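Notes follow once the structure below has been shown.
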Amino acid sequence: MRMAHAKKKKTSSHRQPGKKAVEEATAQVPKVQAKPAPGPITLCIDIGGTGLKAMLVDTKGKPVSERVRVETPKVPTPLQVLRKLDTLVKKLDKFDRVSVGFPGVIKRGVTYTAVNLHPAWYGFEFQKALEKRWKKPVRVANDASVQGYGAVKGVGVELTITLGTGMGSSLFTDGKLCPGLELGHHPWKKDKEYEDYLGKRGLDKYGKKHWNKLLLEAIEQTRKLFNWDHLYIGGGNAKKIDFKLPANVTVVSNEMGILGGVALWRY
Ligand code: BGC
């Protein structure tokens, strides 16, 4: 199984998060290996609100390059992002195919929402645009789905949430993705959505202490709603968690949001 190496190192469900959890989560990321497994090399890309990140990954889901990053353009229209992606790709070696995690709803290669990027993404043929540009087969999926593919064990109901600029979510049953879950945009408390509290806007507005309190409340809310067997928390702001994680909740490395891209070629 491709992500087996990463999974073996997954930490137990009861732990003190914060710095230690992040260190443990980082330890889940396989080191760059010298000799790739035979088969196509996948260029895995994660498009975020602040950074565009990429790595080359072999068929077993192990990195065969360093992680490279460029800033997300200030006005992240499709054209500006495509141009930045060109500069990102130039930092890496050759690849055979491409997987992209995108921060919005995607269906059949077309982007339908991108609330933290730019309205010009609505209805944009992203997959086709990349295929035309790089002359390689491309698969694009929601960023939290990609993170989930990197994290889940394939057993029971597993939910992944990502805490970054936005709040992402993906739900799996026995390893199979139920696509389209946008928990971040579900109403929660008063007249707001989960993302307003737990995304970057919420963190900036309420401060770290209150944000942590809200996150713990949200975890319990999702437990009641989905009855998950395990919850994974990823994204750049997962390192800000300062409470003891409840049972069956794990912080996962942000790198899983890139490495999970290989899974898009399993189907
Ligand atoms: C988007 C999601 C995405 C999340 C994290 C949300 O605003 O609607 O699709 O997964 O941000 O990037």
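Read the numbers this way: they start at 1 and go in the same order the structure lists the ligands and their atoms. Since the model is a prediction, treat every value here as computed from it, not as a measurement.
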Practice prompt. Would you check if the distance from the ring center of W211 to the ring center of Y197 is below 6.0 Å?
Written response: no
Discussion item. Students should find this: residues with any non-hydrogen atom under 4.0 Å from ligand 1. What is the answer?
Written reply: P103, G104, V115, N116, N142, D143, G166, M167, G168, E182, H185, E195
Discussion item. Do L183 and T222 make a side-chain contact, defined as non-hydrogen atoms from C-beta onward lying under 4.5 Å apart?
Written reply: yes
Worksheet item: Mind checking whether F124 and Y112 have ring centres under 6.0 Å apart?
Response: no
Worksheet, complete the sentence: The side-chain contact (heavy atoms from CB on, under 4.5 Å) partner of Y232 among N248, V252, L159 is V252
Discussion item. In terms of relative ring orientation, are W188 and Y194 parallel, tilted or perpendicular, with 30° and 60° separating the classes?
Written reply: parallel
Would you list the atom pairs, donor with acceptor, under 3.5 Å between side chains in residues 37-54 and any protein atom, with sequence neighbours excluded?
{"from": "T42", "atom 1": "OG1", "to": "R97", "atom 2": "NE", "distance (Å)": "2.8"}
{"from": "T42", "atom 1": "OG1", "to": "R97", "atom 2": "NH2", "distance (Å)": "3.3"}
{"from": "D46", "atom 1": "OD2", "to": "K53", "atom 2": "NZ", "distance (Å)": "3.2"}

